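As the structure is a prediction and not an experimental result, all values here were calculated from the model. Atoms within a ligand are numbered from 1 in the order they appear, just like the ligands themselves. Starting from 1, each residue takes its place in the sequence as its number.
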Amino acid sequence: MKKVVILGSTGSVGRNALGVIAKNKDAFKVVGLAAHKNVKLLARQAKRFKPRLLALGDDSQYNNLKHELKKPQKILKGAEGIQEIASMPEADIILVAISGTSGILPVISAIKAKKQIALANKESIVSAGEIIMSMARSRRVEIIPVDSEHNSIFQCIKEEKKRDINKIFLMGTGGPLKDVSKSIFNKLKASRILAHPVWRMGKKISVDSATMMNKGLEVIEASHLFGMEVSMIKVLLHPEAIIHSMVELTDGNIIANLFYPDMRIPISYALNYPRRIPSKLPKINFSKIKNISFQMPNNKKFPALELCYKAARRRGTYPACLNSANEEAVKLYLKGKISFTGIVSTVKKVLSRHKNIVAPSLDEILYVDKWAKEEVKRSC
Ligand code: NDP
Ligand code: MG
């Protein structure tokens, strides 16, 4: 039985993960659950899965959680509590499904404790990719990507030598605005922006999918996870979302990974790794697929993608600055304080003011995280 901790259990990935675990009770035991402030759902999950430990990021909700739980239960509090549960002694694997840069320190904590990591939180790897990957390498910690494209690439290249890889095709649907005229972007309601054509996800990643920032962050994420220059990673739009990424090898072969878009498939792979367990989720019925199409992304309409390539090429703290500025700008957009197109233009403005730090330490990355978020607030 694999003992699992889920950070962000009340979110979209976290709930899907608990769904996978509920269907495989003989394979997993939940030993820890963590969330930020959704105490009602966390309490329901605790009653059902009976973890030894709970952690709550927002400590102002601590008493509410105790009240919801009714029975006594050990609860860790605040950011330190989340880091502590990420290194829980009895855990075998930590699923990091927190959103945003709050994921950085828990990932580091799990690595220090030599836990296997199922990584959904892309913001940590975008901001602190070099540090995280080098710490994981030196401690022989396995990081299994949960993000569907990266999970696919991970499976495609498992048997391949790095020198045989020519190119990665990072797939994307194009998001909810692919076929919408840019002239009306700022007239659309947030509910329209959040309505992804394929995936049901948390708000932050849904907005990122609409700006295409998500795909840009994923390019940086892939470059760290697979140790490749961003020039080797090409974004390819595939609206049907059947192929979840492809790897081109130097001899001309292309390896692809296919499944109906359902996050429970990559989550299940990551949690079970290196085993596979049978799933009852629908398998692809090729006789029903009418069309498989590909398009190149429109960089003029969606400037976020090029901004991410540029930040990745500049290295240092540019990716961290871009990521944190975006996180804050998305927050302000969701609060109605800036327009939709204001998200990327704000990120661009903050990046232009950023003084790069070459080969940053973790503290310097955390400093840039704060600086970029403050800078967004100042400039809006
Ligand atoms: P959600 O917004 O749905 O969920 C976020 C989760 O993180 C919630 O459980 C939330 O708790 C918790 N959380 C947020 N901040 C903190 C904090 N400071 N401390 C502790 N817990 C915190 O996000 P998603 O599930 O959509 O995404 C999670 C991550 O996975 C993101 O990085 C995203 O990019 C990535 N991802 C998501 C995919 C998806 O299908 N959703 C696909 C690929 C990647 P609470 O509910 O209490 O606020
Ligand atoms: Mg993805």
Side-chain angles (χ1 to χ4, degrees), residues 5-19 32-45 54-62 64-65 68 75-86 94-107 109 118-127 145-154 170-173 175 194 196 198-209 212-222 225 235 238 241 244-245 257 261-267 270 323 326-327 330-331 334 369:
V5 171
I6 302 179
L7 310 183
S9 62
T10 53
S12 154
V13 172
R15 282 180 274 122
N16 272 319
L18 285 173
L33 291 176
H36 188 55
K37 57 176 192 293
N38 188 346
V39 293
K40 280 198 163 37
L41 181 54
L42 184 61
R44 277 209 303 278
Q45 293 175 340
L54 293 179
L56 195 64
D58 181 353
D59 35 18
S60 71
Q61 295 296 317
Y62 176 75
N64 290 341
L65 178 58
E68 289 292 332
I75 308 164
L76 304 170
K77 285 193 281 185
E80 294 77 22
I82 305 289
Q83 287 166 55
E84 194 179 330
I85 203 170
I94 316 292
L95 169 61
V96 186
I98 289 176
S99 58
T101 51
S102 313
I104 298 176
L105 291 176
V107 169
S109 168
L119 186 68
N121 176 276
K122 64 189 79 183
E123 293 88 351
S124 55
I125 205 96
V126 169
S127 298
V146 170
D147 207 348
S148 56
E149 300 79 2
H150 306 73
N151 186 280
S152 285
I153 296 163
F154 184 84
L170 187 80
M171 314 304 268
T173 60
L194 291 170
H196 195 279
V198 174
W199 303 100
R200 291 285 153 268
M201 308 177 286
K203 284 186 179 171
K204 196 267 177 181
I205 185 175
S206 297
V207 175
D208 286 349
S209 298
M212 291 285 288
M213 186 65 83
N214 181 51
K215 220 31 70 183
L217 297 179
E218 289 186 351
V219 169
I220 306 176
E221 181 186 9
L225 286 172
V235 172
H238 164 50
H244 293 277
S245 276
N257 187 49
D262 186 325
M263 279 308 290
R264 288 172 295 178
I265 292 183
I267 290 170
N323 177 69
N326 176 60
E327 200 171 313
V330 169
K331 219 183 237 175
L334 287 169
D369 176 40

Less than 4.5 Å apart, any side-chain heavy atom of Gln45 and any of Ile6?
no
Give the residue and atom name of whichever protein heavy atom lies nearest to atom 7 (O) of ligand 1, and the separation in Å to one decimal.
Ile98 CA, 3.4 Å
Which residues satisfy the side chain to side chain contact (heavy atoms under 4.5 Å, CB included) test with Asn64, sequence neighbours excluded?
Val39, Gln61
If you measure from each non-hydrogen atom of Ile205 to ligand 1, which part falls under 4.0 Å: side chain, backbone, both or neither?
side chain
Atom 43 (C) of ligand 1: which protein heavy atom is closest, and how many Å away?
Asp147 OD1, 3.1 Å
Considering distance alone, does some N or O of Lys203 sit under 3.5 Å from an N or O of ligand 1?
no
Beyond-backbone contact of Leu95 with Val5, side-chain heavy atoms, under 4.5 angstrom:
no
Atom 4 (O) of ligand 1 - nearest protein heavy atom and its distance:
Gly11 CA, 3.1 Å
Considering residues, nucleotides and ligands other than Lys204, do more than 12 of their heavy atoms fall under 6.0 Å from its NZ?
yes
Under 4.0 Å from a heavy atom of Thr10: which atoms of ligand 1 are those, numbered in the order shown and with their elements?
8 (C), 9 (O), 10 (C), 11 (O), 45 (P), 46 (O), 47 (O)
Less than 4.0 Å is my threshold; does some heavy atom of Met263 fall inside it relative to ligand 1?
yes
Among Gly202, Ala97, Gly14, the residue with a heavy atom nearest to atom 6 (C) of ligand 1 is Ala97
Side chain to side chain, Leu119 and Ser124, heavy atoms closer than 4.5 Å:
yes
Could you pull out the atom name of the N/O/S atom in Glu218 that is nearest the Mg ion (ligand 2)?
OE2
Atom 17 (C) of ligand 1: closest protein heavy atom, distance to 0.1 Å, is His36 ND1, 3.5 Å
Asn214 and Lys122: side-chain hydrogen bond (donor to acceptor under 3.5 Å, both in side chains), yes or no, with the steps?
CA-CA 9 Å; Asn214 181 51; Lys122 64 189 79 183; 2.5 Å; yes
Inter-residue atom distance Ser148.OG - Trp199.CH2, 0.5 Å rounding:
4.0 Å
Note, Val146 side chain near Met263 side chain (heavy atom, < 4.5 Å)
yes
For atom 12 (C) of ligand 1, the closest protein heavy atom turns out to be Gly8 CA, 3.9 Å
Do Glu123 and Ile104 touch side chain to side chain, with heavy atoms closer than 4.5 Å?
no
Only N/O/S atoms count here: what is the atom of Glu149 closest to the Mg ion (ligand 2) called?
OE1
Give the residue and atom name of whichever protein heavy atom lies nearest to atom 34 (O) of ligand 1, and the separation in Å to one decimal.
Lys122 CE, 3.2 Å
Quick one: report the N, O or S atom of Asp147 that is nearest to the Mg ion (ligand 2).
OD1
Taking heavy atoms and a distance under 4.0 Å, where does Glu123 meet ligand 1: side chain, backbone, both or neither?
side chain
Which option, Ala55, Gly78, Ala17, Ser99, owns the non-hydrogen atom nearest atom 5 (C) of ligand 1?
Ser99
Give, for atom CG of Leu217 and atom CG of Asn326, the distance between the pair rounded to the nearest 0.5 Å.
6.0 Å
Under the rule for ring pair (Phe, Tyr, Trp, His ring centres under 6.0 Å), what residues qualify as partners of His238, not counting sequence neighbours?
Phe294
At under 4.0 Å between heavy atoms, is it the side chain or the backbone of Ile82 that contacts ligand 1, or both, or neither?
side chain
Heavy-atom side-chain proximity of Arg15 to Leu18 below 4.5 angstrom
no
Taking atom 3 (O) of ligand 1 as the reference point, the nearest protein heavy atom with its distance:
Ser12 N, 2.9 Å
Please write down residue, atom name and distance for the protein heavy atom closest to atom 35 (C) of ligand 1.
Ala120 O, 3.2 Å
Looking only at distances, please establish whether an N/O atom of ligand 1 is found under 3.5 Å from an N/O atom of Asn38.
yes
Any N or O of Val13 that comes nearer than 3.5 Å to an N or O of ligand 1?
yes
